[in-house]
Amino acid sequence: MDARLDGKVALVTGASRGIGLATAREMAGSGADGVVITSRRSDNLDHALAELESAGVDMTRIHAVAARADVDEDADRAVGETIERFGSCDILVNNAGTNPAPGPLMDVDMGAVDKTWAVNQRAPLVWCQAAYRHWMRDHGGAIVNVASVGGIRPAPVLGAYNISKAALIHMTNQLAFELAPNVRVNAVAPGVVKTKLSEMLWTSDEAGAASIHPLRRLGEPEDVARAIVYLCSESGSWLTGVVLPVDGGVIGAAGTLG
Ligand SMILES: NC(=O)c1ccc[n+]([C@@H]2O[C@H](COP(=O)([O-])OP(=O)(O)OC[C@H]3O[C@@H](n4cnc5c(N)ncnc54)[C@H](OP(=O)(O)O)[C@@H]3O)[C@@H](O)[C@H]2O)c1
């Protein structure tokens, strides 16, 4: 199926590397008129811009905005810059995420929990509000939240993170209900994908980490990026409130996260 984004403008949070950067690259390759990438650090964004350029992306369709996902004013500013630069904000991908609070819930540091929930759970709502108020309420749109298989099933060491992703999934369903029929709201739930965020899950034993996935390999950022593009495209135009596992079969074919 050809998932195209011609005529659409997208805003992707946490896009200086990993799944967010791959999503920006796939979106540009799928014909998006404009893709705005955001992250906290402009040096990381500069590096991302260089990567996109060397991958042959048409850089007139890319714009970078340094913005913290967990700062409300940054959401308004990034959406505003997206509309100013490319004329619309049709797609929002809430991808920025963090996991500073690993370990059993009974021992977890509550400051780290606050940070986890601020970035993974509260921030996506704020960015949805910004995109909706500034563009999607009047013109429609598509939102994809990047959740996790851990938001569907419990798993060792990731309790606080998993709770935040479970809340993100519920928010996806709630918003899909509230914003239909103008705005579609979906989520992807990745398994273990080879990025910086997940390093602690796979660098010491990649074969072991791969073995919990029925398809017997870890995910690449592009695996998730392609699913996001599909959900945002016309090919996915009858989908809303969907939580799509992109996980090598962990949810649908396995039965355990370890
Ligand atoms: N990798 C996996 O196995 C996996 C599995 C399930 C779900 N996910 C989810 O996938 C999403 C992307 O993660 P990833 O694996 O691609 O991780 P990653 O490679 O570490 O990328 C995280 C991105 O988020 C940015 N970021 C972090 N905190 C931010 C904040 N407060 N405000 C704005 N940007 C922020 C980082 O850039 P700066 O440092 O420049 O800010 C970076 O661009 C996350 O929501 C994660 O929870 C990942």
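Computed from a predicted structure; not experimentally measured. Indexing begins at 1, ligand by ligand and atom by atom, following the structure's order.
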For the student: nearest non-hydrogen atoms of A78 and T38, plus distance: CB-CG2, 4.3 Å

No-hydrogen, no-angle side-chain donor-acceptor test under 3.5 Å, D90 and H139: no

Test item: R184 and L239 side chains (from C-beta on) under 4.5 Å apart, heavy atoms: yes

Proximal candidate to atom 11 (C) of ligand 1 [heavy atom criterion; set V93, N95, I37, L197]: N95

Ligand 1 N/O within reach of K115 N/O, cut-off under 3.5 Å: no

Charged N-O contact under 4.0 Å between R17 and E51: no

S148 N/O under 3.5 Å from ligand 1 N/O: no

Salt bridge (Lys or Arg N to Asp or Glu O under 4.0 Å) assessment of D223 paired with R217: CA-CA 12 Å; D223 290 313; R217 70 168 173 86; 2.8 Å; yes

Residue, atom name and distance, where the atom is the protein heavy atom closest to atom 5 (C) of ligand 1: G191 O, 3.1 Å

Element-labelled atoms of ligand 1 that are located less than 4.0 Å from some non-hydrogen atom of S39: 34 (N), 37 (O), 38 (P), 40 (O), 41 (O)

N or O contact, T38 vs ligand 1, cut-off under 3.5 Å: no

Heavy atom of the protein closest to atom 47 (O) of ligand 1 (residue, atom name, distance): Y161 OH, 2.5 Å

Proximal ligand 1 atoms for V192, defined as those under 4.0 Å from one of its heavy atoms: 3 (O)

Protein residue, atom and distance nearest to atom 27 (C) of ligand 1, heavy-atom basis: R40 NH2, 3.5 Å

Atom 43 (O) of ligand 1: the protein heavy-atom neighbour that sits closest, reported with distance to 0.1 Å: S16 OG, 2.7 Å

Atoms of ligand 1, numbered as shown, that sit under 4.0 Å from any heavy atom of G18: 16 (O), 19 (O)

Distance filter under 4.0 Å to A15 heavy atoms, resulting ligand 1 atoms: 43 (O)

Any A123 heavy atom less than 4.0 Å to ligand 1: no

Side-chain heavy atoms of L125 within contact of M171, under 4.5 Å: yes

Minimum side-chain heavy-atom gap M27-R61 below 4.5 Å: no

Rounded distance [0.5 Å steps], CZ in R133 versus CG in D138: 13.0 Å

Mode of P221 contact toward ligand 1 - side chain, backbone, both, neither (heavy atoms, under 4.0 Å): neither

Geometric N/O contact A69 with ligand 1, under 3.5 angstrom: yes

Side chains of N44 and S39, donor plus acceptor under 3.5 Å: no

Rounded distance (nearest 0.5 Å) linking atom CG of D74 with atom OG1 of T13: 11.5 Å

Any N/O pair V193/ligand 1 closer than 3.5 Å: yes

P190, any N or O under 3.5 Å of ligand 1 N or O: no

Element-labelled atoms of ligand 1 that are located less than 4.0 Å from some non-hydrogen atom of K196: 19 (O), 20 (O)

For atom 1 (N) of ligand 1, closest protein heavy-atom neighbour: T195 OG1, 2.9 Å

Which atom of P221 lies closest to which atom of T195, heavy atoms considered: CG-CG2, 4.1 Å

Heavy-atom side-chain contact between I169 and I152 under 4.5 Å: yes

Distance filter under 4.0 Å to N44 heavy atoms, resulting ligand 1 atoms: 38 (P), 39 (O), 40 (O)

Distance-minimising heavy-atom pair for V113 and A160: CG2-CB, 4.0 Å

Heavy atom of the protein closest to atom 31 (N) of ligand 1 (residue, atom name, distance): D70 OD1, 3.4 Å

Protein contact of atom 16 (O) of ligand 1 - nearest heavy atom, named by residue and atom, plus distance: I19 N, 2.8 Å

Same cluster (ILVMFWY, side-chain, under 4.5 Å), V185 and V93: no

Among H47, R68, R17, closest by any non-hydrogen atom to atom 22 (C) of ligand 1: R17

Min side-chain heavy-atom separation Y161-L197 under 4.5 Å: yes

Numbered atoms and elements of ligand 1 in range of V146, under 4.0 angstrom, heavy atoms: 9 (C), 10 (O), 11 (C), 45 (O)

Test item, K194 contacting ligand 1 (heavy atom, 4.0 angstrom): no

Flag side-chain contact, heavy atom, 4.5 Å: L92 against C128: yes

V9 and T82, any side-chain heavy atoms less than 4.5 Å apart: yes

Ligand 1 contact by A67, heavy-atom criterion under 4.0 angstrom: yes

Side chain to side chain, R122 and D70, heavy atoms closer than 4.5 Å: no

T13 to ligand 1, any heavy atom closer than 4.0 Å: no

Non-hydrogen atom of A22 closer than 4.0 Å to ligand 1: no

Under 4.0 Å to a heavy atom of R41 - the qualifying atoms of ligand 1, by number: 40 (O)

Ligand 1 N/O within reach of G14 N/O, cut-off under 3.5 Å: yes

Atom 7 (C) of ligand 1: nearest protein contact (heavy atom, Å): A147 O, 3.1 Å

